[in-house]
Amino acid sequence: MDTRTPIPASQQPLAMSSRQNTSASAGLRVLRTAIGAACYFVFYFVQQMAELFAPLLLIAGAAWAALPALVKTLTRTTASADPQAHDAIASVANAIPEQIVLAGHELTASGLICDGLGLMAVAAAGATLAMLVGRKL
């Protein structure tokens with residue numbers, strides 16, 4: 001015969017509800033971890049892309065801004081030496097555009113530099129947010 005005593009009816013719902021609360025809190029923890037991991041991925045991905053393109057834009061913008069000045073300096077130094085070289089360098093200096101329209105976007109040297117600095121700020125924000133989300137996980 002079974003000698004175990006049955007659990008009183010008043011305690012059964014409590015036992016069931018504590019199991020349900022445990023599974024509900026575990027489900028919420030899993031959901032919270034999944035959302036945190038997705039946010040961490042997005043922030044870290046944006047940071048990596050910004051870190052990749054920021055130096056490229058800065059270098060391209062600085063080179064584009066410096067190129068006309070370098071060519072003008074070269075023109076001045078060759079003006080007395082050879083008139084034909086002076087004319088060739090002057091035509092190259094005039095061929096350097098101040099702006100380029102690419103796929104409907106206007107690109108300038110100062111715009112590239114500003115975009116590079118903006119991407120550096122985005123990279124810093126992404127790193128900060130990824131760190132904060134990482135701590136919460």
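The figures that follow rest on heavy atoms only: side chains count, while hydrogens, waters and symmetry mates do not. Residues take their numbers from the sequence shown, with the count starting at 1. These numbers were taken from a predicted model, which means no experiment stands behind them.
For the residue pair Gln99 and Thr108, the shortest heavy atom distance occurs at CB-CG2, 3.8 Å. Taking each heavy atom of Val133 and Gly36 in turn, the nearest pair found is CG1-O, 3.2 Å. Closest of all the heavy-atom pairs between Gly116 and Ala54 is O-CB, 3.5 Å.
Every residue was checked against the side-chain contact (heavy atoms from CB on, under 4.5 Å) condition with Leu70, not counting sequence neighbours, and none meets it. Legend: residues meeting side-chain contact (heavy atoms from CB on, under 4.5 Å) with Arg135, ordered by chain and number and at least two apart, are Met131.
Note on Leu102 and Leu56: same hydrophobic cluster, where clusters join Ile, Leu, Val, Met, Phe, Trp and Tyr whose side-chain heavy atoms are under 4.5 Å apart, directly or indirectly. Leu117 is not connected to Leu52 by any chain of hydrophobic side-chain contacts under 4.5 Å among Ile, Leu, Val, Met, Phe, Trp and Tyr, and they are in different clusters. Cluster annotation: Ile35 and Val30 are assigned to distinct hydrophobic clusters (Ile/Leu/Val/Met/Phe/Trp/Tyr, side-chain heavy-atom contacts under 4.5 Å, transitive).
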Using residues 37-50 as the side-chain source, report each donor-acceptor pair under 3.5 Å to any protein atom, sequence neighbours left out, with the distance given to one decimal.
{"residue": "Tyr44", "atom": "OH", "partner": "Gln48", "partner atom": "NE2", "Å": "3.4"}
{"residue": "Gln47", "atom": "NE2", "partner": "Glu51", "partner atom": "OE2", "Å": "3.1"}

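A donor-acceptor pair under 3.5 Å is absent between the side-chain atoms of Trp64 and the main chain of Ile96, judged by distance alone.
No side-chain heavy atom of Leu57 sits under 4.5 Å from any side-chain heavy atom of Ile113. When side chains are defined from C-beta on, Val122 does not count as touching Phe53, because their heavy atoms never get closer than 4.5 Å.
The OG atom of Ser110 lies 9.5 Å from the CG atom of Asp115; values are rounded to the nearest 0.5 Å.
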